[in-house]
2 protein chains.
Amino acid sequence: MPDETDQILIAALMEDSRRSLKALAQISGLSSPSVAERLRRLEERGVLTAYTVTVDPKSFGYQLQAIVRIRPMPGRMHAIERLIQAIPEFTECDKVTGEDCFVARLNVRSMEQLDAILDKLSDQAETNTSIVKTTPVKRRLPPLKHYATTPEK
Amino acid sequence: MPDETDQILIAALMEDSRRSLKALAQISGLSSPSVAERLRRLEERGVLTAYTVTVDPKSFGYQLQAIVRIRPMPGRMHAIERLIQAIPEFTECDKVTGEDCFVARLNVRSMEQLDAILDKLSDQAETNTSIVKTTPVKRRLPPLKHYATTPEK
DNA sequence: AATGAAAGCGGACCGTT
DNA sequence: AACGGTCCGCTTTCATT
């Protein structure tokens, strides 16, 4: 389990993954070789899974974002799963318990494109689409503390 | 709108946001000062919105992930929105059209914690919870091409 | 597992095209 | 808007604790 120093490093990288080892060293109170060593181990252990960027989809003309719940018809589950994976406008998808097998995020340029994509699923699944209006919570980390110091308020 | 070189840079950073300017220069066929200049402009224009890391929640004991749809009772929408924001285990939340006002992602350590958190909403909203079993599509970028060279297969 | 020293490489700032 | 050159600073390696 990551210790407190690891958590400081992770939080610092979450804010800005391009921070230099030296900057991370200052933040954590370690030397830069130690930081490098810790990052290496965190990657190795699968704690840090990716260094990545966030892009504004609107900059690329993706004016609409939708959450689509998908309920495949009997026997069509694998086909639907492959279809979702093959359509790049689905930028995220979870397989979940309950009636809706999949919950996916869809980025499209227009209502017409939304319709066209949902249409591809329509012969093998029922879909339920909600257009994203705003995002009250942007992707963030859950609390990283080991011990539940906060009694789960 | 970002040109093709910008797209190459963005895709390269999406894969690994810690790539050096020199590495990005080689990938894109530019010099490193030019790469630095382009990144600066992409940030300025709000195309690149963050450099960040992805963490495995399980490494921190978050054994369960759920998608929660939340339908506030009349007049309780703002209160619910603030509540979601205040509970750090909600790591993502969109406000959407339709009956369910919010769709949120919840990370918890146990079923008990799941219950405890949903309980906090229960007097002001109806919730519908789906446990995430697998993630067929991990967060990715939609196609970045300007022109729809792919006729939306 | 972390440190300091040293060497090698990358980034930032020039002036130029 | 991109380039090459230069200088400075960071990263990486290694020996040490």
Side-chain angles (χ1 to χ4, degrees), chain A residues 1-62 141 143-149, chain B residues 1-62 141 143-149:
Chain A
M1 200 108 150
D3 69 13
E4 213 176 312
T5 306
D6 290 329
Q7 292 171 19
I8 292 169
L9 293 174
I10 290 168
L13 285 170
M14 186 90 185
E15 274 180 20
D16 179 4
S17 62
R18 284 184 74 79
R19 277 203 239 251
S20 67
L21 295 178
K22 191 176 190 191
L24 294 170
Q26 284 167 204
I27 292 169
S28 62
L30 296 176
S31 63
S32 16
S34 302
V35 172
E37 183 58 15
R38 275 182 182 260
L39 294 187
R40 201 193 54 69
R41 284 198 301 264
L42 286 170
E43 293 160 22
E44 193 180 54
R45 287 156 52 200
V47 178
L48 278 172
T49 52
Y51 299 90
T52 187
V53 287
T54 292
V55 172
D56 176 21
K58 287 199 181 162
S59 309
F60 289 94
Y62 290 95
L141 284 183
L144 299 184
K145 304 256 169 293
H146 300 121
Y147 324 98
T149 45
Chain B
M1 201 109 150
D3 69 13
E4 214 176 310
T5 306
D6 289 329
Q7 292 171 19
I8 292 169
L9 293 174
I10 291 168
L13 286 170
M14 186 89 185
E15 273 179 20
D16 178 5
S17 62
R18 284 185 74 79
R19 277 202 237 252
S20 67
L21 294 180
K22 192 175 191 194
L24 294 169
Q26 284 167 204
I27 292 168
S28 62
L30 296 176
S31 64
S32 21
S34 302
V35 172
E37 187 50 23
R38 275 181 181 260
L39 294 188
R40 202 193 52 70
R41 284 198 300 265
L42 286 170
E43 293 160 22
E44 193 181 53
R45 286 156 52 200
V47 178
L48 278 172
T49 52
Y51 299 90
T52 188
V53 288
T54 292
V55 172
D56 175 23
K58 287 198 179 160
S59 309
F60 289 93
Y62 291 95
L141 284 183
L144 299 183
K145 302 257 168 297
H146 301 120
Y147 325 98
T149 45

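A note on names: the letters A, B, ... follow the listed sequences, proteins ahead of strands, and every chain is numbered from 1.
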OP1 or OP2 of dA2(D) versus the side-chain N and O atoms of Ser31(B): is any pair under 4.0 Å?
no
If the threshold is 4.0 Å, N to carboxylate O, is there a salt bridge linking Glu44(B) and Arg41(B)?
no
Correct closest heavy-atom pair for Arg18(B) and Arg19(A) would be NH1-O, 2.8 Å
State whether a side-chain donor-acceptor pair under 3.5 Å links Thr54(B) with Thr49(A).
no
Atom CD of Gln26(B) to atom C1' of dC9(C): distance rounded to whole Å?
12 Å
Leu9(B) CG - dA1(D) P separation (whole Å)
14 Å
When Arg41(A) and Ala36(B) are each assigned the nearest nucleotide of DNA chain C, the 5'-most assignment goes to Arg41(A)
Below 4.0 angstrom from OP1 or OP2 of dA2(C), is there any side-chain N or O of Arg38(A)?
yes
Decide side-chain contact (heavy atoms from CB on, under 4.5 Å) for Leu39(A) and Leu13(A); before the verdict, give the C-alpha distance in whole Å, the side-chain angles of both, and the deciding distance to 0.1 Å.
CA-CA 10 Å; Leu39(A) 294 187; Leu13(A) 285 170; 3.7 Å; yes
Donor-acceptor check, side chain of Gln7(B) to backbone of Leu144(B), threshold 3.5 angstrom: yes or no?
yes
Between atom CZ in Arg40(B) and atom C1' in dG11(C), what is the gap in whole Å?
15 Å
Nucleotide nearest Leu30(B) when distance is taken to its side chain, options dT12(D), dG11(C), dA2(D):
dA2(D)
Atom NZ of Lys22(A) to atom P of dG11(C): distance rounded to whole Å?
16 Å
Can you tell me how far P of dG10(C) sits from CZ of Arg19(A), to the nearest Å?
23 Å
Would you kindly give the CG-to-C1' distance between Leu24(B) and dC9(C), to the nearest whole Å?
16 Å
Given dG10(C), dT13(D), dC13(C), identify the nucleotide with an atom nearest to the side chain of Ser20(B).
dG10(C)
For the pair made of CD in Glu37(A) and P in dT11(D), what is the distance, rounded to whole Å?
15 Å
For Arg18(A) and Val35(A), take the nucleotide of DNA chain C holding the closest heavy atom to each; which residue's nucleotide lies nearer the 5' end?
Val35(A)
Can a side chain N or O of Ser34(B) be found less than 4.0 Å away from OP1 or OP2 on dA1(D)?
no
Between CG of Leu21(A) and P of dG10(C) the distance, given in whole Å, is 14 Å
